[in-house]
Amino acid sequence: MKNIIISFLLIHTLASFSQEKKKIGATLFSIKNRTVTVYTSADSTNLRLTKTDNLVFKEFKQPLETQICIFVNPNKTFQTFLGIGGAITDASAEVFAKLPQNKQQEFLEAYYSKDKGIGYTLIRTNINSCDFSSDMYTYVTEGDKALKTFSIDHDKKFRIPLIKKAIELIGKEATLYVSPWSPPAFMKDNASMLKGGKLRPEYYQSWANYYVKFINAYQKEGIPIWGLTIQNEPMATQRWESCIYSAEEERDFLKNYLGPTLRKSGLGDKKITIWDHNRDLISQRSATILDDTEAAKYVWGIGFHWYENWTGGNPMFENIGKVNEMYPNKNLLFTEGCVETFKTEKLQLWANGERYGRSMINDFNNGTVGWTDWNILLDENGGPNHVQNYCFAPIHGNTTTGELTYTPSYYYLGHFSKFIESGAKRISSVGSRSQLLTTSFLNKTGKVVTIIMNQSDKKVNYYLCIGTKAAEVSILPHAIQTLIY
């Protein structure tokens, strides 16, 4: 009997191996003589998401040490892609409202149309004012702990109309999440929305109710809320709206107040993201909250920004991978990044776009499911901003002339967002030389999207390899390519 069982298991194992071998072989064989469509954006050229090549896979056995290769393995899959997008802030909405109607339409299509633009699907927006608001405001009157005066009328003038237009263009894939920069001043120990301070314990429940009021008010306007972050940058004392939570304070507010309150209010399906700050302290914050089972049950994911290298150091990309290893059942979401310190003469600085490309490739390769830029639109001065914290956006609108300026960041973002579809799986993508960065995704339609970024000052010839097939490709200096096949 024992021998019969062993024989059965051996036959079953061999059969499974044979089926898997056939599957892999089918994947490799199916690409022979198939076309690779190449889209390129490059510094010091007119190439901007431009179709530059149609190539063919050919036989390619063992590569030589002297040949530069990108190795893609569609049979090795990782996280599921959520989407890419940007924040619709008060500033973005106010600049949009000042544009001529034809430029408004151009702008909307540039971001939210898959055909005419780059196909954004993610939207982030602020609860109460943030630095990128023209003024400081909340939705209640001073001292209203019971929130009886709660009203989002402020947002109905600029922000809500723009969000509705964006959602209409995106369609069913629209994913909107919300973030507070500060509770009202009367709820905080420094009696100010600015310069940090902490939420006073006696207002924990009132502040949890505030999220419910906001979500319900927006959804009553026909704007579905997918999720929320607990606090924007909870370890940053800023001269603008900010509020400090230690890891333990964020954990306890979530598990004792916010999580239960959302569930009791029928909003338990909203995706809660913790941290929402830089990569530097992400491991400690994640461990403190997610090692607590009562807190962890409310958490969908961990959000992060890219400003940890403000002192001139290198981005802490590896920290994202470490958190992904520690908590593989939670999602990683890039919630904010922008190029700081606006200067008109740097609007077309190519390095700004490269910062996006480098971050996105590394973040996705470390397990990130979605990537959200900061303001989708700012004016010719990098604002408006009520504390003079002027920054760059992928698109700037001149409020005097009505013209739109597309920066390199817009095109770098587009090399990802235009081609990777919601629900795609990241697949293995590895370069043989450090000057080429790469990541790849397999769309549900069966198309593979491979992104290559050349960080060097020289043109590079490389082979896109899948098994024993390869297509020969050239990439210009300081260029980014998307390959579809």
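Since this is a predicted model, take the numbers as computed values, not measurements.
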**Complete:** The side chain to side chain donor-acceptor pair (under 3.5 Å) partners of Tyr411 (sequence neighbours excluded) come to none
**Message:** Suppose we screen for ring pair (Phe, Tyr, Trp, His ring centres under 6.0 Å). Which residues come up paired with Tyr112, at least two apart in sequence or across chains?
**Reply:** none
**Message:** Applying ring pair (Phe, Tyr, Trp, His ring centres under 6.0 Å), can you list everything that pairs with Phe419, at least two apart in sequence or on another chain?
**Reply:** Tyr39
**Item:** Any residue meeting side chain to side chain donor-acceptor pair (under 3.5 Å) with Ser409, in chain and number order, not counting sequence neighbours
**Value:** none
**Intermediate values then yes/no, side-chain contact (heavy atoms from CB on, under 4.5 Å), Asn324 and Thr368** = CA-CA 8 Å; Asn324 191 38; Thr368 300; over 6 Å; no
**Request:** Using the test ring pair (Phe, Tyr, Trp, His ring centres under 6.0 Å), find all partners of Phe441 that sit at least two apart in sequence or belong to another chain.
**Result:** Phe81, Phe364
**Ser129 versus Asp135, closest heavy-atom pair with distance** = CB-O, 3.5 Å
**Prompt:** Ring centroid separation for Tyr307 and His277, is it under 6.0 angstrom?
**Reply:** no
**Message:** Holding to salt bridge (charged side-chain N to carboxylate O under 4.0 Å, His left out), I want the full list of residues that pass it with Arg358, two or more places apart in sequence or in another chain.
**Reply:** none
**Item:** Output field: ring centroids Tyr210/Phe214 closer than 6.0 Å
**Value:** no
**Message:** Can you confirm whether more than 12 heavy atoms, excluding those of Lys114, are under 6.0 Å from its NZ atom?
**Reply:** yes
**Request:** Not counting sequence neighbours, which residues clear salt bridge (charged side-chain N to carboxylate O under 4.0 Å, His left out) with Asp373? List them please.
**Result:** none
**Request:** Kindly write out the residues that satisfy salt bridge (charged side-chain N to carboxylate O under 4.0 Å, His left out) with Lys103, not counting sequence neighbours, or none if the list is empty.
**Result:** Glu106, Glu403
**Request:** List the steps and the verdict of salt bridge (Lys or Arg N to Asp or Glu O under 4.0 Å) for Arg124 and Asp276.
**Result:** CA-CA 12 Å; Arg124 183 187 187 215; Asp276 198 8; 3.0 Å; yes
**Item:** By side chain to side chain donor-acceptor pair (under 3.5 Å) - contacts of Trp350 (at least two apart)
**Value:** Tyr412
**Message:** Tell me which pairs pass salt bridge (Lys or Arg N to Asp or Glu O under 4.0 Å) where either residue lies in residues 211-239, with sequence neighbours left out.
**Reply:** Lys156-Glu221, Lys164-Glu221
**Request:** Check whether more than 12 heavy atoms from other residues, nucleotides or ligands sit under 6.0 Å from atom NZ of Lys447, and answer yes or no.
**Result:** no
**Fill in**
With sequence neighbours left out, the residues meeting salt bridge (charged side-chain N to carboxylate O under 4.0 Å, His left out) with Lys51 are none
**Message:** Please enumerate all residues that pass ring pair (Phe, Tyr, Trp, His ring centres under 6.0 Å) together with Trp240, with sequence neighbours excluded.
**Reply:** none
**Request:** Kindly say whether the aromatic ring centers of Trp306 and Trp374 come within a distance under 6.0 Å.
**Result:** no
